[in-house]
Every structure is written in structure tokens, then in C-alpha cells.
Amino acid sequence: MLLHNSLKGLKLVLASKSPRRQHLLAELGVPFEVRLNGEVDESYPPDLPHTEIPVYLAQKKAKPLLKTLAENEVLITSDTIVWCSEQVLGKPTDRSDAIAILQELSGKRHDVITGVSLIFKGNEHSFAATTQVFFKELSQEEIIYYVDKYKPYDKAGAYGIQEWIGYVGVERIDGSYFNVMGLPVQRLYTELQSFIQKLESPKTNRQPTTDN
């Protein structure tokens, strides 16, 4: 069944101000509303395994919007981290930080992990998608050119794979390209279908659940 048919009578709500996530969801061809949740504290427990961090943050982003949801609305929240050299590389704080992050990624493999939380009728389903990205050795000139021209301060890992640095610096990836952009749309499509069909089934036990 097409996701379009599963969504009849329902409304998707995307809680993200990211233009990339909004564009990727729009490309699925299903209508949705953007509903912002204000500034959310993106801290997490220091002992949390790195693979669980983006799911934890996606779930955290959903909480401020729970009371705003109508009966027919499905909420989507997400968060993306970059994991390299046993550390999380978040959004750069300034130019020098962006340069330092790209220097860390240069010539290495890193993991881009996106956590997604879906909430519908008081039920939650969450999942994570991982993509391995392999960068060539970047010259200092290439790094500075990219940072100064594209100013990637709103991007985890200080880069956008769809921008110049992705064309000249990424040797290969293993996993979803769109996940690196910020939303694993193929996985989201499949998970949304399954989640909605399960809850809309008359035989469904509708007790709140969380699946990681």
C-alpha cells in the first residue's frame, strides 16, 4: 500500500526548522505541516551509547509538542549526530571550530546517525539509521574555502554532503545518502507505513510503546 493511502484522514507534523529535512520529507509526495517546538536543550546523559544519542534527542524534541497534537496528527522529530574518533562532532560554534572539525574528518571514516521519533495517538515508535562516510585527505586550502564560502555552522560535522565539499571530498558512503543530509527518507517511509497501519488496525492493542 502507498503511504499516501495509509495517511488518508491523517496529517503529518514535522517538528524541524531544517530546510533540508523539510525538503526531503516533501520529496516523499505527502502533505505535512511544519510545527516548531522552540529551543530544546540538546544535552544527553554522558554515559549514553553514541548509537542511542540521536534517538534520545529526537524523543526529547517531541515532548514540547505532545499537547498540541490532534487525534489525527502524526508527529515526526529527528536528530543527527556525526561520530568520529570516539567522539560526537556537533554543529560548529564558529569558523575556527568548523575548520577544526573538518580537519578531524579528513582522511577518515565517520558515522552519520539519525534518530527519528514518530508519535501517533499517544504511541511512540523510534528508530535510528547509520551511514558510513569516507573522506579523502582534505587540504587546508579546501577546508578554508568550503567553510568561508558555505558557512556550515548549522550542520552536524560542519559539512553538507550535498554541497561542494561532498563532491570533492567524499570518496564513498555505505548507507543512505539522504540520511547524511539529515533524514533517512526510505526508512522513514517504511516505518511510517508500518506504524500507522499497526495503530489503525481494529485488532491493535493501543498501549503506549517505544521501539528503539
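Side chains are part of it too, since the values below use all heavy atoms of this structure and drop only hydrogens, waters and symmetry mates.
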Can you name the residues that form a ring pair (Phe, Tyr, Trp, His ring centres under 6.0 Å) with [X], not counting sequence neighbours?
X      : answer
Tyr177 : none
Phe178 : none
Tyr146 : Tyr150
His4   : none

Residue pairs, two or more places apart or on separate chains, that pass ring-ring contact (aromatic ring centres under 6.0 Å, His included) and touch residues 23-45:
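As it turns out, there is no ring-ring contact (aromatic ring centres under 6.0 Å, His included) pair with a partner in residues 23-45 once direct neighbours are skipped.
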**Study point:** Any pair counted as ring-ring contact (aromatic ring centres under 6.0 Å, His included), so long as it reaches residues 49-108, sequence neighbours left out
**Key:**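 Only His50-Trp83 qualify under ring-ring contact (aromatic ring centres under 6.0 Å, His included).
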- [ ] Apply side-chain contact (heavy atoms from CB on, under 4.5 Å) to Pro64 and list each qualifying residue two or more places apart in sequence or on a separate chain.
- [x]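 Applying side-chain contact (heavy atoms from CB on, under 4.5 Å) to Pro64 gives Asn37, Val40.
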Got [X] and [Y] here, is their nearest side-chain heavy-atom distance under 4.5 Å?
X      : Y      : value
Val82  : Val88  : no
Leu65  : Ile119 : no
His110 : Leu89  : no

For [X], give me all partners under salt bridge (charged side-chain N to carboxylate O under 4.0 Å, His left out), at least two apart in sequence or on another chain.
X      : answer
Lys11  : Glu33, Glu73
Lys151 : none
Asp174 : none
Glu163 : Lys155

Is it true that [X] and [Y] make a salt bridge, defined as a side-chain N closer than 4.0 Å to a carboxylate O?
X      : Y      : value
Asp79  : Arg21  : no
Lys121 : Glu200 : yes
Glu124 : Lys63  : no

Between [X] and [Y], which heavy-atom pair has the shortest distance, and what is it?
X      : Y      : result
Ala15  : Leu75  : CB-CD1, 4.0 Å
Val112 : Tyr159 : CG2-OH, 3.9 Å
Ile101 : Gly90  : CD1-O, 3.7 Å
Ile113 : Pro54  : CG2-CG, 3.5 Å
Gly182 : Ser78  : O-OG, 4.3 Å

Residues two or more places apart in sequence or in another chain: which of them pass side chain to side chain donor-acceptor pair (under 3.5 Å) with Ser139?
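Glu142.
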Check the hydrophobic clustering (I, L, V, M, F, W, Y; side-chain heavy atoms under 4.5 Å; chains of links allowed) and say if Phe135 and Ile81 are grouped together.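 They do not share one cluster, since no chain of ILVMFWY contacts under 4.5 Å joins Phe135 to Ile81.
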Exercise. Answer with yes or no whether the hydrophobic clustering places Phe127 together with Tyr189; edges join I, L, V, M, F, W, Y residues whose side-chain heavy atoms lie under 4.5 Å apart.
Key: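 Both belong to a single hydrophobic cluster.
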Would you say the side-chain atoms of [X] and [Y] include a donor-acceptor pair closer than 3.5 Å?
X      : Y      : answer
Ser6   : Gln197 : yes
Ser85  : Glu104 : yes
Ser16  : Gln22  : no
Thr114 : Asn179 : yes

(message) If you apply the rule side-chain contact (heavy atoms from CB on, under 4.5 Å), what do you find for Arg95 with Ile144, and how did you get there?
(response) CA-CA 9 Å; Arg95 179 178 183 271; Ile144 291 174; 3.5 Å; yes
For Lys17, look at atom NZ and say whether over 12 heavy atoms of other residues, nucleotides or ligands are found less than 6.0 Å away.
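At most 12 heavy atoms, drawn from other residues, nucleotides or ligands, come within 6.0 Å of this atom.
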